[in-house]
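Labels below follow one simple rule: chain letters A, B, ... track the order of the sequence lines, proteins then strands, and each chain is numbered from 1.
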There are 2 protein chains.
Amino acid sequence: MAKTNAAFMSGIPELVVLRLLSRSQMYGYELIRAIRLASGESIVLAEGVVYPTLHGLEHRGLLKAKEKLVKGRVRVYYQTTAKGKKRLVALESDWHRINNGVEAILRRLICQS
Amino acid sequence: MAKTNAAFMSGIPELVVLRLLSRSQMYGYELIRAIRLASGESIVLAEGVVYPTLHGLEHRGLLKAKEKLVKGRVRVYYQTTAKGKKRLVALESDWHRINNGVEAILRRLICQS
DNA sequence: CATCATACCTATAACAAATATGTATAAGGA
DNA sequence: TCCTTATACATATTTGTTATAGGTATGATG
């Protein structure tokens, strides 16, 4: 499932989208750049990943969309809803749990059951 | 793709299997417990996940298998090959990169591009 | 003798990311 | 003017992997 980001990506688009849009509203194209920049180029999501993610999250009521006409071009701004923020908290918790589990295994020098 | 481990699992089975079997050989059933215990119950992989992973890794030459008869029962011990260890190094690198990227986004309090 | 833990296995489903396209406008350069 | 690039949206299809749900068989326990 991986080329540009090489594995370890499941759940990441939803998590980072909900997170970034929980602080400020953004439109898709802007969000894609924001993810790339904010992650230090570590996470690069193509439009074909981000737009379906946005639509899915909106459909589930986790994002709210608002169209704006800017310089003769339509932009669709999204922001995380209250429900989306609850989901975000749960996702962050899951993410840290998995993370700690993997770290524990990677760091382990000795012993096994 | 997620129930027991709720998302964030892509690539994880390959990573933790290669890692644990790079230090000591184990058989599948033992490995499943080891993953659960070593991760502090954070990562629980079912047999239907682990066995196909083992077979796939062996087929790719990243693991070496060795059958043993113990107490009248066949056990298949696996250990990570040199090629598998190279793959492990690459995977750990990828994992830390993605991880840092996500952390950077989650921790970020201010600013966006 | 029945049940549970051990120990292996595989087929199918489910699901999300990656890829490849496609449309259309504005801006900038030749 | 024309061409190209950046912007801005969109979706269909492919791909790849985990999750689930089965199945077989032995040894130990009560």
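- Looking at residues two or more places apart in sequence or on another chain, you find a side-chain contact (heavy atoms from CB on, under 4.5 Å) between B:V49 and B:P13, B:L45, B:T53.
- Of the possible donor and acceptor atoms, one in the side chain of B:T80 sits under 3.5 Å from a partner among the backbone N and O of B:L21.
- What separates NE2 of A:H59 from C1' of D:dA10 is a distance of 17 Å, to the nearest Å.
- Take the nearest nucleotide of DNA chain C for A:G72 and for A:I12: the residue whose nucleotide is more 5' is A:I12.
- To the nearest angstrom, C1' of C:dA16 lies 16 Å from CZ of A:F8.
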I'd like a table of donor-acceptor pairs (distance under 3.5 Å, sequence neighbours excluded) in which one partner is a side-chain atom from residues 56-68 of chain A, with atom names and distances.
from, atom 1, to, atom 2, distance (Å)
A:R60, NH2, A:E14, OE2, 3.4
A:K66, NZ, A:Q25, OE1, 3.2

(message) For nucleotides 7-13 of chain C, give me one character per nucleotide, 5' to 3': B if any protein heavy atom sits under 4.0 Å from the base, S if the only such contacts are to the sugar-phosphate, - if neither.
(response) BBBB---

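- As rounded to whole Å, 14 Å separates atom P of C:dA16 from atom CG of A:L15.
- By the side-chain contact (heavy atoms from CB on, under 4.5 Å) test, A:S93 pairs with no residue at all, sequence neighbours left out.
- Atom-to-atom, CG of A:L69 to C1' of D:dA8 comes out at 12 Å; the value is rounded to the nearest Å.
- Across the protein-nucleic acid pair, B:I35 atom CD1 and D:dA19 atom P stand 11 Å apart, rounded to whole Å.
- Applying the salt bridge (Lys or Arg N to Asp or Glu O under 4.0 Å) rule to A:R73 yields no partners; only residues at least two apart in sequence or on another chain are considered.
- Every residue two or more places apart in sequence or in another chain that forms a salt bridge (Lys or Arg N to Asp or Glu O under 4.0 Å) with A:E103 is listed here: A:R107.
- In this structure, B:K68 places its NZ atom 22 Å from P of D:dT26, rounding to the nearest Å.
- In terms of the side-chain hydrogen bond (donor to acceptor under 3.5 Å, both in side chains) criterion, residue partners of B:Y77 (sequence neighbours excluded) are, by chain and number, B:R75.
- Rotation axes derived from the C1' atoms of the five outermost pairs at either end of the helix from C:dC1-D:dG30 to C:dA30-D:dT1 lie 10° apart, to the nearest 10°.
- For A:Q79, there are no side-chain hydrogen bond (donor to acceptor under 3.5 Å, both in side chains) partners at least two apart in sequence or on another chain.
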